[in-house]
Amino acid sequence: MKTIKQLLRNPLSLTGFVLLLFFAGVAIAAPWLAPPARAWEPYRIIQCGFSPTPAPPGDPNPFRAIAKVVTGQATLCQVHPFGTTGEGQYDIYYGVVWGTRTAFQVGLIITGACVLIGVVVGSIAAYFGRWVGEIVMRITDVFMAFPFLVAAMTIAAVLQPKIGRGLVTAMIALIVFGWMTYSRLIRGDILAVKERDYVQAARAAGAGHLRIILRHILPNAIFPTLVLASMDIGSYVISFAALSFLGLGAEIGYADWGQMLSFARNWIARLNEYWWIIFYPGMAILLFVLAWNLVGDALRDVLDPRLRGRITV
Amino acid sequence: MWRVLMAGLVAAMVGVWGLPQVKNPTTLVEVTIGDIETLDPAWHYDTASATAIFNIYETLVFYDREKIDKFIPLLAESWTVSPDGLVYTFVIRKGIKFHAGGDLTPEDVVYSFQRALLQDRSGGPIHMIMEPIFDVASIEDLVKREGSDEAAFKAVQKAVKLVDGKVVITLTYPFAPFIQILAGTWMSVLDKEWVIAQGGWDGSANWRKWYDPAAEESELFDKANGTGPFMLEKWVPGEQISFVRNPNYWRGPAKLERAIIKVVPEWGTRLAMFEAGDADIIAVPRAYVAAMDPLVKAGKAKLFGPYPGTVSQTGFFNFKVKEGSPFMPLLAGVPKPDLLADVHLRRAFNYAADLDTYIKEAWLGEAFKLRGPVLQGRLGYNPNQPIYEFDMEKAAAELRKAWGGEVWTKGCRITITYNQGNVQRKFVAEMIKRNIESLNDKRRAEGYRVPIVVEVLEIPWASYLKYMDDSQLGIFFIGWLEDYAHPHNWVHPFMYRTGAFAIGQNFATVKDVQFAPVHATWLPSKTYATLQDLFDELVDLAKKELDLKKAELLYFELNRLAVEYAINLASIMTTVRHYEQPWVQGWYYNPAYPGTYFYVLSKG
Amino acid sequence: MIAYIVRRLLILPLVLFGVTVFIFGIFSLLDPVMRASLYVRDVPKTADALQRIIEKYGLDDPIHIQYWRWINQVVRGNFGWSKTAQRPVLQAIGHYLPASLELALWAMVPVILGGIVLGILSALHHNRPLDHTTRVFALIGWSFPSYVYGLLLLMVFYATLRWFPPGRISDWVTREVIVGTFRQYTGMYTLDAILNLRPDVFADALRHLIMPVLTLSYIQWALLLRVTRSSMLETLRQEYVMTARAKGLKEWVVVYKHATRNALIPVVTMGGLLLIGLLNGVVITETVFNYPGLGQWAARAATTFDMLSVLGFSLFGSTLLVFGNLAVDVLYAVIDPRIRLE
């Protein structure tokens with residue numbers, strides 16, 4: 001309780017919370033804010049034609065345009081509150097709104113999977129003696145020594161023809177290279193906890209390995225890892241969008257901010273004219289990541305000062 | 001030192017940021033998309049490499065400006081063809097020098113052609129001349145037929161040889177498009193001594209040592225020494241290639257001193273370079289023509305075209321999908337590999353394709369409907385050949401007939417595939433899906449509840465090739481870029497047993513085919529064992545027919561059969577536009593040119 | 001310490017082995033036909049084209065045989081042919097490295113100046129306007145995806161103002177290099193321009209560098225600033241600083257002689273992270289700005305299944321990371337006598 005009060009008193013973390021709530025609201029209200037044209041595939045951005053040139057926002061006041069859409073006075077293709085991308089006239093407003101859901105999914109799933117793998121690997125390394133630990137940590141070293149982004153791109157590129165282009169491919173690629181920091185952190189924390197009296201007592205009482213790890217060690221060691229994870233959600237969203245931007249993440253036309261930004265690559269000489277193709281999706285990513293970082297940052301300051309200054313990628 | 005640097009810095013920034021003007025009146029810069037793969041004429045098979053080779057090397061015969069069926073002698077002074085169409089004899093021009101100084105001799109020509117045949121790299125262009133000369137697809141097949149490397153080499157020596165100082169090429173059967181193939185860049189003439197000095201094939205029977213090299217293993221990968229109007233200056237892979245004028249060119253030196261082809265994949269950057277005057281010619285993908293129109297109107301760019309191009313975009317039906325394919329068609333919920341072997345089903349799809357909308361929306365009006373495999377403007381294109389016009393009533397009628405009515409009553413599932421990222425193919429696939437599935441309402445009203453499902457899937461390019469190669473696709477959309485301007489290069493891939501697309505379509509699934517000629521009336525009516533046999537026979541007859549009138553009727557016949565049997569879907573050809581700066585002079589369009597021919601251009 | 005260095009270096013072959021086996025493993029997931037697609041640009045025009053390519057490159061051999069074949073060549077110094085760069089892999093690295101190095105070195109200027117100097121100032125002005133401003137900028141920087149930032153820069157400085165173009169050099173410099181008198185000593189144009197006494201080339205190269213450098217450095221800058229600031233804050237609270245103050249030493253002596261030196265020790269450990277950030281950063285930055293360097297090459301190779309290029313880049317990157325981290329450790333031990341490497 002005290003922590004929460006502390007968090008809300010800090011203007012930065014308060015901003016973060018407000019932003020996060022806003023995004024969560026948008027994600028939940030997506031079907032009302034941007035009614036899908038085809039209910040069974042809401043993540044396919046509404047397409048308003050084939051012209052290659054981006055169409056400008058239909059109304060200088062985007063709020064008025066959005067209001068028209070929400071109240072059903074106009075369709076998205078009529079007003080384009082945020083304009084359209086080139087090459088296929090994907091409605092940017094629709095993509096930004098539904099992209100919020102994608103961003104939450106991507107951030108939470110990747111972080112969750114990384115933490116899970118990291119915790120399992122880290123616990124094994126820490127709990128089962130010297131040799132196992134040594135081997136596991138050397139494997140971790142190998143993964144740490146990869147030029148991460150290119151390796152992730154390779155995995156995504158190779159998986160694409162296997163399982164099709166989409167969120168899963170890029171998420172797998174990021175998870176494969178995302179778990180190592182957690183495994184290292186948890187290993188250190190477990191090593192510190194391992195020799196404590198209550199663990200020794202449990203062992204003496206004949207508890208199994210799994211039980212000791214799950215009941216006695218992890219609850220006392222996992223906390224810093226979770227704090228770190230909360231700080232990393234934003235950077236995973238950035239990395240995922242980067243893969244999409246490079247053409248390896250979400251498929252073309254999928255409601256994903258990075259994918260929408262990749263349309264801008266053909267128009268860099270005309271960005272002054274077609275500013276909306278980078279402004280809206282770009283701001284969405286920036287604010288979303290900022291929100292997580294503000295919250296994560298504040299959480300860390302309050303809960304675990306030891307992690308200060310730790311950042312991945 | 002520092003002061004000099006700062007002064008220069010300021011001066012340079014002011015200078016460079018000045019307004020655009022006609023830059024370098026003797027250097028032409030073309031900015032394009034694709035990178036060169038190699039400079040070895042016998043190896044290359046892509047337009048980017050061909051464009052470079054086209055400006056450096058020369059062939060025996062050449063196109064007469066815009067015409068694709070009139071040929072002028074180039075390195076050959078003259079040539080004759082024997083009455084049976086089998087023996088080509090070339091008199092080689094004298095007094096021509098290669099860039100490095102060597103003299104052009106008839107031996108060079110013989111060596112160049114023999115080297116190409118013996119090198120025969122996998123996936124390369126040489127199969128085109130293998131076919132008429134030896135009636136095989138590759139040198140490996142020739143070795144198999146002749147029995148040994150040695151014997152194959154003898155056969156090559158016999159086919160391309162020197163007789164009384166003339167170059168004589170002997171074919172196995174008369175082959176109408178042979179002269180077109182000779183004008184292609186893969187038949188460029190090299191300097192024998194020079195190539196050997198670079199470590200190339202030494203002219204001996206030990207050709208295996210140089211057989212099928214990887215691009216970089218060829219001694220001519222990044223070197224070039226031709227007789228053409230431009231000499232290679234420097235090729236920086238992935239960035240640019242530059243040429244300098246050949247001052248001793250035998251037809252007189254080019255007007256341009258230098259020419260540069262730069263690779264810039266992003267459209268926006270190319271446009272910016274054009275606007276700044278840094279690019280004289282840029283590649284404009286069809287999707288972006290709208291960005292160029294204002295420039296043309298303002299007199300800041302010149303537009304040529306749209307001309308009929310050299311590419312078709314077509315859907316292909318696979319008559320028998322391979323077992324275990326992820327795209328297996330279903331009839332009444334049960335796998336049915338040969339579902340698309342029913343002509344009524346294929347016709348229904350053709351009627352459901354609204355080509356006018358497709359061309360207007362997806363191609364911005366810049367495409368023509370095709371009337372069979374043969375491209376518009378080529379021999380054998382029949383403007384009066386009727387095709388399937390969009391008509392959902394007829395589509396429904398055909399669908400009712402498919403598989404004796406089973407499709408209509410029991411429903412089916414068919415997958416249309418296209419390669420990832422191709423928006424036009426996606427458009428046409430989804431349009432056909434929508435139209436065919438719209439018939440389900442009618443069916444439901446009649447009490448047939450199991451729907452007809454058309455699934456549209458996009459597949460990454462790499463896997464697309466695999467599935468196509470493996471005959472696993474149901475209906476697939478893809479394009480074909482012609483190798484040479486002759487209908488044989490269209491009916492072969494679309495209809496012949498070993499053709500690039502036909503091989504994955506299994507026409508032989510259709511048995512006992514009745515044939516009665518409509519155009520080539522001198523042919524007997526008869527029954528063929530399979531549809532493939534019929535196609536093969538007609539394709540073979542047409543390619544050997546030296547009488548242009550008869551050849552045309554044979555191609556008419558092939559087009560008619562392709563349409564009647566509905567082997568393709570929504571076939572269109574795209575147009576070509578050429579944009580250049582107002583100060584560029586001399587450009588003209590010949591669809592058979594691989595790219596810009598700098599010799600005819602000038603600036604100012 | 002020597003023992004530590006030797007032991008860490010012994011890990012290098014293990015790491016490189018792991019990295020290459022992993023990449024081979026990934027590629028073995030691909031059907032041989034798909035890998036053959038790297039060698040065909042268009043629809044294969046003959047029926048057996050793909051099969052011939054597969055046989056030629058041995059793409060359907062068991063993966064361990066392919067690995068063995070590759071290792072055998074690598075031992076002889078042949079890392080294979082980079083289809084993406086149209087050069088041997090080693091030459092490709094040699095060709096692209098100067099461009100990326102130039103970018104990274106220039107990026108270090110704002111990173112170190114902005115990060116360390118501002119970090120210290122921010123700590124000294126703790127909770128005053130300067131501190132708040134820099135912290136907000138750092139937070140935004142840390143949350144800014146580099147491609148968004150890069151596109152915004154392009155929007156302002158290229159599309160609108162036409163000040164800084166994308167790419168690496170202008171056409172006329174390319175011409176100078178290919179046919180002119182400009183000699184390439186290092187491959188880094190800014191340095192070569194000075195060596196050639198060509199201020200115009202220097203200016204041109206710099207114009208092209210400004211936006212990528214800003215993009216590449218912003219995030220790193222934010223990172224370093226945060227670490228420096230908190231480390232400095234902690235040091236200022238230490239007893240010896242208090243003591244120095246109590247002794248009546250002048251403020252700047254306290255700050256620069258006592259606090260700064262000690263505060264920068266943890267900053268050194270950021271070197272490893274900085275290196276990782278740069279390696280990833282160049283991939284995106286070079287792609288956004290169409291800057292022909294290692295990152296753009298690797299990105300193109302990864303998307304076209306060009307395994308040999310990916311292997312080459314990964315070996316290079318991994319070696320760099322191992323050595324970089326080792327250097328950081330050693331440096332750390334040297335400047336901070338309390339640390340002992342074991």
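Below, chain A is the first sequence line, B the second, and so on; all start at residue 1.
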Of the listed A/I285, A/I278, A/L287, the one with the largest count of heavy-atom pairs under 4.5 Å with chain C is A/I278

Under 4.5 Å to a heavy atom of chain C? For A/I268 that would be both

Can you tell me how the ring of A/Y274 sits relative to the ring of A/W267, calling it parallel under 30°, perpendicular over 60° and tilted otherwise? perpendicular

* Asked: Where does the angle between the aromatic ring planes of A/F82 and A/Y93 fall among parallel (under 30°), tilted (30 to 60°) and perpendicular (over 60°)?
  -> perpendicular

Heavy-atom side-chain contact between C/T134 and C/R229 under 4.5 Å = no

If you tally heavy-atom pairs under 4.5 Å between each of A/A269, A/A156, A/G258 and chain C, the highest tally belongs to A/A269

Exercise for the section: Evaluate the ring planes of A/W275 and A/F279, with Trp represented by its six-membered ring, and classify them as parallel (under 30°), tilted (30 to 60°) or perpendicular (over 60°). Expected result: perpendicular

Under 4.5 Å to a heavy atom of chain C? For A/R270 that would be backbone

Whatever's closer than 4.5 Å to a heavy atom in chain A on C/V19 counts as both

Counting heavy-atom pairs under 4.5 Å with chain C, the top scorer among A/V289, A/T154, A/L290, A/N293 is A/N293

Thinking salt bridges, do C/D131 and C/R128 make one under a 4.0 Å N-O criterion? no

Checked A/A242, A/G234, A/G282 vs chain C; the most non-hydrogen pairs under 4.5 Å come from A/A242

Are more than 12 heavy atoms from other residues, nucleotides or ligands located less than 6.0 Å from atom CZ of C/F22?
yes

When the 4.5 angstrom heavy-atom criterion is applied to A/A291 and chain C, the contacting part is neither

If one checks every heavy atom of C/I11 against chain A at 4.5 Å, the contacting part turns out to be side chain

Taking the side chain as every heavy atom from C-beta outward, state whether C/Y291 and C/H208 have any atom pair closer than 4.5 Å.
-> no

Quiz item: Aromatic rings C/Y149 and C/Y218: how do their planes relate, parallel, tilted or perpendicular, breaks at 30° and 60°?
Solution: tilted

Side-chain contact, heavy-atom cut-off 4.5 Å: A/F245 with A/R265?
yes

Comparing C/L16, C/I26, C/L154, C/V15 against chain A, the one with the most heavy-atom pairs below 4.5 Å turns out to be C/I26

Check the orientation of A/Y90 and A/F263. Use parallel for under 30°, tilted for 30 to 60°, and perpendicular for over 60°. tilted

Comparing A/A241, A/A151, A/A264 against chain C, the one with the most heavy-atom pairs below 4.5 Å turns out to be A/A241

Turns out that what part of C/Y158 lies under 4.5 Å from chain A's heavy atoms comes down to side chain

So, the part of A/F143 with a heavy atom under 4.5 Å from chain C: the answer is side chain

Okay, A/L12 and chain C: the region with an atom under 4.5 Å from a heavy atom over there is side chain

Heaviest contributor of heavy-atom pairs below 4.5 Å to chain A, chosen from C/L275, C/L279, C/D31, C/T287, is C/T287

Honestly, the part of C/F305 sitting under 4.5 Å from a heavy atom of chain A is side chain

Taking every heavy atom of A/V237 against every heavy atom of A/G107, the minimum-distance pair comes out as CG2-CA, 3.8 Å

Under 4.5 Å to a heavy atom of chain C? For A/F146 that would be both

